[in-house]
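Throughout, a chain's letter reflects where its sequence line sits, starting with A, and its residues are numbered from 1.
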Amino acid sequence: MAVMVVVAFVAFLMFNFVGDPVDNMVGQEASYADREAMRDRLGLNDPFLVQFTRFAGNAVQGEFGISYRLQRPVADLISERMPATLELVMASAILAILIGIPLGVYTGIRRDALSSRLVLMFSLVGVSLPTFVIGILLIYVFAVILGVLPSFGRGEAVQLGWWSTGFLTVSGWKAIILPSITLALFQMTLILRLVRSEMLEVMRTDYIKFARARGLSDRTINFGHAFKNTLVPVITIIGLNVGSLIAFSIITETVFQWPGMGFLFIQAVGFADVPVMAAYLVLVALVFVGINLLVDILYFVVDPRLRVDRSVAMGGDE
Amino acid sequence: MLDEKTAAKAPSGFVHRFMDSDLVYSFLRSPVVVISFIITALYFLSAAFAPWIAPHNPFDPASLDLMEAFTPPAWTADGSMKFILGTDDQGRDILSTLIFGSRISLIVGFSAVLFSVVLGVGLGLLAGYAGGWAETIVMRFADVQLTIPAILVALMIDGIARIIVPVELRDEMSIYVLILAIGVSDWPRYARVTRGATLVERNKEYVSAARVIGVHPIKIMFQHVLPNVMGPVLVMGTIGLALAIITEATLSFLGVGVPPTQPSLGTLIRVGNNFLFSGEWWITLFPSLALVILVLAVNLLGDWLRDALNPRLR
């Protein structure tokens, strides 16, 4: 909540005090009296707190004004482009989790095998490769040399009500492959390394030794006992990283000219289009706060020790 | 453990004592680390002596010849030995632009890290040593900022600066804006670590002793506590350099970083990206490679430094 207020405040400051909004609306020739009239109409002469409350009120209703560059309401622009970004982020998150976690568990269990060493080497490269370089390399290999996948756009999108999806057409699926891999790679290596170090730690504990002594199968020990106990930190990191996926989608969207919010935002920064920047910032902050909340709730699902109500615990355990 | 080592190393100044230390031993034992050190050193040297090393001066319009634009690398059929890595769309030698580009990247990365270290360590020391409301404000601020990815913060600062700075000054100022943006985006990590270490140090006897004999708190903070918390900061700074270089390259790639007249590696990649489809792959791939190698080398150094300075992780 505190985060939200601070972010809204910064956005508001940007909106009102960075450059005079009146300058952006009236022409060069406007007289001083005209400006004053304009200020009055826009409520810019009201006390500071009144203005902020009004801004916050409008923001809650999704009103962020009109984009300087495109001359269209910011709310429309954003809602048009949100599905593209969310689909990209979702695809990358799923990819990162589905590949990162098993590899992490594997390298954690077989820590000295040649294959895990290779995976680790590869993961260090993954951390060092900036997102946009990955994107360029993928484009070069798959779009320029091999020519099998598209290098920009999101293919044909199908409108489902207000949501436009690329998942219903072949070209949409093809178009999302490269961007989602690009976006997922860094998160994947992070998840991999985290799961591995957690697994290494858990495997050393007494209860794993005891489980071994009881003659449980490797599978039960590795997944039922060891892996389950690594979940709390892993979920925290994954949750926080979904947020950074949204931030990094700015880069991926620029490389692949993906028609999402990030692309919109970076264009807004280039043109000093303040309403779009402010709206994007508030929206991203909202997503972050939402994710944090979700992560907190997930703790309770994953870790029975945190639950007060035992009967619910029994039901949700398996 | 960690403190003693850095403390022993810094003031002693004896070459043989330094050569004898665990740090040097573990350094020489790992070929990967030695190689990354050499690579990093080469980058730094070529950055420092760029005007003398670079075969051509890419920013001297008189030396450019558009007829030589798009020359491929020397080992391909159409390449010439004059331009080992080929030329770009304006006939600039890629190798030379790389050397100058790495220079800008390193300058921005280094200054940004320095900026966030000074800011983060200063505020962290204050928060840890003074406590009270100073601590609350600093740490709350750091927490809020940490929930937002650094790249987004840097973008935001860059965007705001773009609006404030007048158009004529934008190109000149952009490098400082970039340093400020990256520096500010990364300070909370240093503040957190410094505060944690300071909290531990604060209750040690040497601090109480200093306080009892009436040393000024500011002097205690900077002369006594600070040297003892610098170990982890050094490690973070190394990894932070890699991060800062990536952030700089990313911002430049997105077109909000340094102007094309003073290209960094990111700008070069951005420019070259336009020619990827027409087959001039070398214009973008060589800068990308240079960037990746630099970041990888710095990252490996940072990883090793962390392990070497922290016996618990061995």
Side-chain angles (χ1 to χ4, degrees), chain A residues 2-7 10-11 13-14 17-19 121 124-125 127-137 139-140 143-145 151-152 186 197 240-241 243-248 250-251 254-255 262 265-274 276-278 280-281 284-285 288-289 291-292, chain B residues 32 140-141 143-156 158-165 167 170 239 242-243 245-256 265-266 269-270 272-273 276-279 281 284-285 287-289 291-300 303 313:
Chain A
V3 177
M4 256 343 272
V5 173
V6 170
V7 170
V10 171
L13 281 183
M14 263 174 54
F17 295 97
V18 175
M121 274 293 281
L124 194 66
V125 175
V127 173
S128 300
L129 274 173
T131 312
F132 64 96
V133 172
I134 300 170
I136 289 174
L137 290 181
I139 287 182
Y140 185 61
V144 179
I145 296 185
S151 63
F152 63 88
F186 183 71
S197 64
L240 291 178
N241 278 332
S244 57
L245 272 180
I246 291 178
F248 278 97
I250 298 173
I251 303 159
T254 311
V255 176
F265 173 71
I266 202 70
Q267 287 170 332
V269 172
F271 282 88
D273 193 346
V274 182
V276 176
M277 285 163 71
Y280 182 80
L281 187 66
V284 168
F288 274 61
V289 172
I291 288 169
N292 275 338
Chain B
V32 177
R140 196 44 55 81
F141 222 86
D143 284 344
V144 168
Q145 200 187 315
L146 270 176
T147 53
I148 306 168
I151 184 101
L152 205 59
V153 176
L155 261 175
M156 245 31 240
D158 201 274
I160 295 172
R162 230 156 236 281
I163 306 167
I164 299 174
V165 176
V167 182
R170 231 172 244 175
I239 296 169
L243 270 177
I245 291 173
I246 289 188
T247 312
E248 184 277 326
T250 306
L251 291 180
S252 294
F253 176 77
L254 293 176
V256 294
L265 290 176
I269 297 169
R270 167 190 166 82
N273 197 23
L276 197 59
F277 284 98
S278 45
W281 49 269
T284 192
L285 285 201
S288 312
L289 211 61
L291 178 67
V292 171
I293 291 173
L294 173 62
V295 170
L296 192 63
V298 176
N299 259 339
L300 283 169
D303 265 9
L313 271 169

Could you tell me which portion of Leu291(B) (side chain, backbone, both or neither) has an atom closer than 4.5 angstrom to a non-hydrogen atom of chain A?
-> side chain
Check whether Leu289(B) gets within reach of chain A through its side chain, its backbone, both or neither, counting any heavy atom under 4.5 Å.
-> neither
Check each atom of Leu300(B) against the heavy atoms of chain A and say whether the ones under 4.5 Å are side chain, backbone, both or neither.
-> side chain
Does Phe132(A) have any ring-ring contact (aromatic ring centres under 6.0 Å, His included) partners at least two apart in sequence or in another chain, and if so, which?
-> Phe253(B)
Just say parallel, tilted or perpendicular for the rings of Phe248(A) and Phe186(A), cut-offs at 30° and 60°.
-> tilted
Chain B contact via Ile291(A) - side chain, backbone, both or neither, heavy atoms under 4.5 Å | neither
Ala242(B) versus chain A, the contacting section by heavy-atom distance below 4.5 Å | neither
Contact summary for Ile151(B) and Thr250(B), nearest pair of heavy atoms = CD1-CG2, 3.6 Å
Any residue meeting side-chain contact (heavy atoms from CB on, under 4.5 Å) with Ala154(B), in chain and number order, not counting sequence neighbours = Ala181(B), Ser185(B), Thr247(B), Leu251(B)
Given the options Ile251(A), Val255(A), Thr131(A), which has more heavy-atom pairs under 4.5 Å with chain B than any of the others?
-> Ile251(A)
Top contributor to chain A interface from Val292(B), Leu254(B), Asn299(B) [non-hydrogen pairs under 4.5 Å] = Leu254(B)
Run the side chain to side chain contact (heavy atoms under 4.5 Å, CB included) check on Leu265(B) and Ile245(B) step by step: do they pass?
-> CA-CA 9 Å; Leu265(B) 290 176; Ile245(B) 291 173; 5.7 Å; no
Test item: Val133(A) and Ile269(B) side chains (from C-beta on) under 4.5 Å apart, heavy atoms = yes
